[in-house]
Undergrad: 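First the structure, then my questions, so here it is.
Source: prediction; values computed, not measured.
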Amino acid sequence: LQLVESGGGLVQSGGSLRLSCATSRFSLDYYAIGWFRQAPGKERERVSCISSSGGSTNYADSVKGRFTISRDNAKNTVFLQMNNLKPEDTAVYLCAAERTLLDCPHKFDYWGQGTQVTVSS
C-alpha cells in the first residue's frame, strides 16, 4: 500500500492549508488513517486519526478546533484541513494507514513520505 501526501507549503501565521493522503492502486475502505508530524529535534506527534468508516475522529490537544480530518473513500483520499496555522505547526506531515476496525490504532504499518508545512510568523 503506497500512500502519497500532498498540499504542504509555506503559509503565514493564521493561514490555512489542506493536506491530502491518497493511494492510487488500493482501496482505503478498511483502513484507519492517521496524520502525524515530525519537527526537527522533536518526537513524532500524532495529530489526528480517522476510522475506516469516517465515523470516528480524534485530535491532539494542540490542534483541536483548528484542524479537521475527513475522508472520501470513493476517491481513496484522506484530508487534513488546517486552519489558523501557527509557527509551531511547522513540520513534515505524514499520513499512515492500518487495516483495522479500531477507531485509531496504536500502530500503523503503512506510511507516506511526508509533505513539508512551514508557517511563518
Undergrad: Mind checking whether Ser52 and Tyr31 have side chains closer than 4.5 Å, heavy atoms only?
TA: no

Undergrad: Taking it one step at a time, do Thr23 and Leu1 satisfy side chain to side chain contact (heavy atoms under 4.5 Å, CB included)?
TA: CA-CA 7 Å; Thr23 177; Leu1 181 65; 3.7 Å; yes

Undergrad: Please tell me if the side chains of Gln2 and Phe26 come closer than 4.5 Å, counting only heavy atoms from C-beta onward.
TA: no

Undergrad: Assess the residue pair Arg66 and Met82 against the criterion (side chain to side chain contact (heavy atoms under 4.5 Å, CB included)); give the C-alpha distance rounded to whole Å, side-chain angles, the decisive distance to 0.1 Å, and a yes or no.
TA: CA-CA 6 Å; Arg66 300 189 297 123; Met82 306 186 296; over 6 Å; no

Undergrad: Please examine the side chains of Val47 and Tyr93, heavy atoms only from C-beta on, and report whether any two atoms are closer than 4.5 Å.
TA: yes

Undergrad: With side chains defined as the heavy atoms from C-beta onward, is the minimum distance between Arg37 and Arg44 less than 4.5 Å?
TA: no

Undergrad: Could you walk me through whether Ile69 and Tyr59 satisfy the side chain to side chain contact (heavy atoms under 4.5 Å, CB included) test, starting with their C-alpha distance in whole Å, then the side-chain angles of each, then the deciding distance to 0.1 Å, before giving a yes or no?
TA: CA-CA 9 Å; Ile69 192 170; Tyr59 300 91; 3.4 Å; yes

Undergrad: Do Arg71 and Leu28 come close enough that some side-chain heavy atom pair is under 4.5 Å?
TA: yes

Undergrad: Less than 4.0 angstrom from a charged side-chain N to a carboxylate O is my criterion; do Lys86 and Asp89 meet it?
TA: no

Undergrad: Can a side-chain donor-acceptor contact be found between Asp72 and Thr77 if the only test is distance below 3.5 angstrom?
TA: no

Undergrad: So, do Glu5 and Leu19 sit near enough that their side-chain heavy atoms are less than 4.5 Å apart?
TA: no

Undergrad: Minimum heavy-atom separation for Ser121 and Ser13, please, with both atom names.
TA: CA-CB, 4.2 Å

Undergrad: Is Ser70 close to Phe79 at the side-chain level, that is, under 4.5 Å between some pair of heavy atoms?
TA: yes

Undergrad: Name the one of Val78, Leu94, Ile50 that satisfies side-chain contact (heavy atoms from CB on, under 4.5 Å) with Trp35?
TA: Val78

Undergrad: Would a 4.5 Å heavy-atom cut-off, applied to side chains only, mark Glu45 and Ser62 as touching?
TA: yes

Undergrad: Could you tell me if Asp103 and Ser51 have a donor-acceptor pair between their side chains, going purely by distance under 3.5 Å?
TA: no

Undergrad: Using a 6.0 Å cut-off, check whether atom CD of Gln113 has over 12 heavy atoms from anything other than its own residue.
TA: no

Undergrad: Looking only at atom types and distance, does a side-chain atom of Thr115 sit under 3.5 Å from a main-chain N or O of Gly8, one as donor and one as acceptor?
TA: yes

